[in-house]
Colleague: 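Got a structure here, written out as structure tokens. Questions coming.
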Amino acid sequence: MSDVYGRRSTLLFVLLCTSFGYLLFAATDRVWLFFLFRIPTGLMKHSLVMARACLVDITNENDRVVQLGRYSAVATAGFAIGPTLGGHLMEHYGFKVAACTTSAIFLLNFVLSWWLIHPGQASQRQQSKGIRASLVQTFTFMRSKTWSKVSHVMVQRFFLINSTLIFRRSMYHVLRSQFRTSPLVISYIVSFQQTISVAAALLIGKMSHFYSNTEQLRFHACMLMAMAIVGSLFATRLWIFVAVLVPLGAMVSVERITGTQLCIQLASPEEKGAVLGIGSSVWSLTRILGPQIAGLAMDYGYSLPQVITAALAIIGTGYMYVFPVSKTFINKKTD
């Protein structure tokens, strides 16, 4: 949609629809209506993707990785604060107040986006296209040489994101079963890891200066991430396990930012929206599969999810080594 109607218009549309969707949640107490209202809300709740697309449009290539790092840091902080705030609202005021608050936040984002993002900043509506022509262009793009490169990145991200999601899901079980930690200590450990991710996102601009291109930085980050996950298998003490979380949290953040930057660099201006949308679909798919795999694996012991996590990380990193984007792109400087 954003490639046809423009980033700003699409962002405003999804923010307004999502705000209305959460307002519907607050207005009902029937389970079947929750499922029904979840459909349009799930279809429209892509404000993070659209905000990222707007950011891509208004930044130049040399400065983009730094801005994506700042964006990722803010988003990570939001993911850390959101559940805590939601939990307090649910506990003291109930679900309806929590849903209304969420709706109000999306409405506030709508107003801020309308005010701060000027029509000339992000990509605007392409008058020569319609929805049908855009769909044809998307399918044509998926048969192009560019897509063959982007698809390799998507496959890599599928393995790596699944790896991190399974690790995070099983980490709580490992901390409680193997190290006998309390829920309070677990919350501190999770907050510590998220803080590391935020710091890495803010420092990614400095890291990129040591590399000639984004792909090399991403490959080394994924190698370190895989090594950290394998190291967690052999952690016999809590402090060792927490120490492993430092490179893991940092490199997960770096992989997420550089993966987005790599896909954007491969796509043409009219394909960026489609590429970011496909990347969001891959992320959504892993969010469905990851917890399911982790749940099934934990039935056979707390170590099996870690083994699966390590295997997926190694496969994703190995795939990146065997199928690099291209030799021409590897030699291309991005700084």
Side-chain angles (χ1 to χ4, degrees), residues 72-73 75-91 157-204 207 220-257 283 286-318:
S72 178
T76 302
F79 284 126
I81 297 171
T84 303
L85 178 60
H88 282 291
L89 289 174
M90 284 284 293
E91 182 178 354
R157 301 200 76 181
F158 177 80
F159 286 113
L160 294 169
I161 295 173
N162 261 313
S163 175
T164 55
L165 287 176
I166 294 172
F167 181 88
R168 288 175 181 173
R169 179 67 182 269
S170 62
M171 183 177 70
Y172 301 95
H173 186 64
V174 171
L175 289 172
R176 294 183 63 181
S177 301
Q178 183 177 352
F179 299 110
R180 308 295 181 184
T181 53
S182 65
L184 181 61
V185 173
I186 292 176
S187 67
Y188 287 148
I189 293 174
V190 172
S191 298
F192 171 72
Q193 187 183 24
Q194 291 173 335
T195 302
I196 295 298
S197 296
V198 171
L202 293 174
L203 293 173
I204 192 169
M207 299 180 197
H220 288 165
C222 292
M223 283 184 61
L224 186 57
M225 185 175 73
M227 292 171 60
I229 293 174
V230 172
S232 70
L233 287 169
F234 302 97
T236 56
R237 295 187 178 183
L238 180 60
W239 70 268
I240 299 177
F241 188 86
V242 173
V244 167
L245 295 180
V246 174
L248 179 59
M251 294 305 105
V252 166
S253 185
V254 172
E255 188 281 325
R256 181 169 58 248
I257 298 166
W283 170 253
T286 57
R287 289 184 66 182
I288 296 173
L289 294 177
Q292 297 297 324
I293 296 173
L296 291 173
M298 281 189 290
D299 291 337
Y300 299 93
Y302 62 82
S303 61
L304 183 57
Q306 290 178 283
V307 174
I308 296 175
T309 296
L312 290 174
I314 293 171
I315 291 172
T317 307

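Residue numbers start at 1 and run along the sequence shown. Because the structure is predicted, anything quoted here is derived from the model rather than measured.
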Colleague: Are any non-hydrogen side-chain atoms of Leu165 and Trp283 less than 4.5 angstrom apart?
Modeller: yes

Colleague: Show your reasoning for whether side-chain contact (heavy atoms from CB on, under 4.5 Å) applies to His173 and Gln178.
Modeller: CA-CA 8 Å; His173 186 64; Gln178 183 177 352; over 6 Å; no

Colleague: Angle between ring planes, Phe241 versus Phe179, binned at 30° and 60°: parallel, tilted or perpendicular?
Modeller: tilted

Colleague: Just verifying a value: how many Å separate Ile204 CD1 and Ile257 CD1, rounded to the nearest 0.5 Å?
Modeller: 4.0 Å

Colleague: Which atom pair, heavy atoms only, marks the closest approach of Ala297 to Ile308?
Modeller: CB-CD1, 3.7 Å

Colleague: Write down the atom of Val198, the atom of Ala77, and the distance for their closest heavy-atom approach.
Modeller: CG2-N, 4.2 Å

Colleague: May I ask you to test the Ser232-Gln306 pair for a side-chain heavy-atom distance under 4.5 Å?
Modeller: yes

Colleague: May I ask you to decide if Ser187's main-chain N or O and Ser191's side chain share a donor-acceptor pair within less than 3.5 Å?
Modeller: yes

Colleague: Answer yes or no: does atom CE of Met207 have more than 12 heavy-atom neighbours from other residues, nucleotides or ligands under 6.0 Å?
Modeller: yes

Colleague: At their closest point, which heavy atom of Leu312 faces which heavy atom of Ser163, and how far apart are they?
Modeller: CB-CB, 3.8 Å

Colleague: CZ/Phe192 to OG/Ser197 distance, rounded to the nearest 0.5 angstrom?
Modeller: 10.0 Å

Colleague: Minimum heavy-atom separation for Val244 to Ala228, with atom names?
Modeller: CG1-O, 2.8 Å

Colleague: Could you give me the CA-CA distance, side-chain angles and deciding distance for Arg168 and Leu248, then say whether side-chain contact (heavy atoms from CB on, under 4.5 Å) is met?
Modeller: CA-CA 11 Å; Arg168 288 175 181 173; Leu248 179 59; over 6 Å; no

Colleague: In Å, rounded to the nearest 0.5 Å, how long is the span from CD1 of Ile186 to OG1 of Thr181?
Modeller: 4.0 Å

Colleague: Between Ser170 and Met298, which heavy-atom pair has the shortest distance, and what is it?
Modeller: CA-SD, 4.1 Å

Colleague: Do Arg256 and Ser72 pass the side-chain hydrogen bond (donor to acceptor under 3.5 Å, both in side chains) test, and can you show the C-alpha distance, the side-chain angles, and the key distance before you say yes or no?
Modeller: CA-CA 8 Å; Arg256 181 169 58 248; Ser72 178; 3.3 Å; yes

Colleague: So do the side chains of Val252 and Met225 get within less than 4.5 Å of each other, counting heavy atoms only?
Modeller: yes

Colleague: Supply the atom-to-atom distance Arg287 CZ to Gln292 CD, rounded to the nearest 0.5 angstrom.
Modeller: 13.0 Å

Colleague: Could you tell me whether the side chain of Thr286 and the main chain of Phe158 form a donor-acceptor pair under 3.5 Å?
Modeller: no

Colleague: So do the side chains of His220 and Met251 get within less than 4.5 Å of each other, counting heavy atoms only?
Modeller: no

Colleague: When you measure from the side chain of Glu255 to the backbone of Ala250, do you find a donor-acceptor pair of N or O atoms at a distance under 3.5 Å?
Modeller: no

Colleague: Sub-3.5 Å donor-acceptor pair from the side chain of Thr164 to the main-chain atoms of Ile161, do we have one?
Modeller: yes

Colleague: Looking only at atom types and distance, does a side-chain atom of Ser253 sit under 3.5 Å from a main-chain N or O of Gly249, one as donor and one as acceptor?
Modeller: no

Colleague: Any side-chain heavy atom of Ile315 sitting closer than 4.5 Å to one from Leu160?
Modeller: no

Colleague: Report the C-alpha separation of Ile314 and Val230 in whole Å, then their side-chain angles, then the decisive distance to 0.1 Å, and conclude whether the side-chain contact (heavy atoms from CB on, under 4.5 Å) test is met.
Modeller: CA-CA 9 Å; Ile314 293 171; Val230 172; 4.1 Å; yes

Colleague: Please lay out, stage by stage, how Met171 and Leu245 fare under the test side-chain contact (heavy atoms from CB on, under 4.5 Å).
Modeller: CA-CA 10 Å; Met171 183 177 70; Leu245 295 180; 3.9 Å; yes

Colleague: Looking at every non-hydrogen atom in both residues, tell me the closest pair between Thr76 and Gln194 and how far apart they are.
Modeller: CG2-O, 4.0 Å

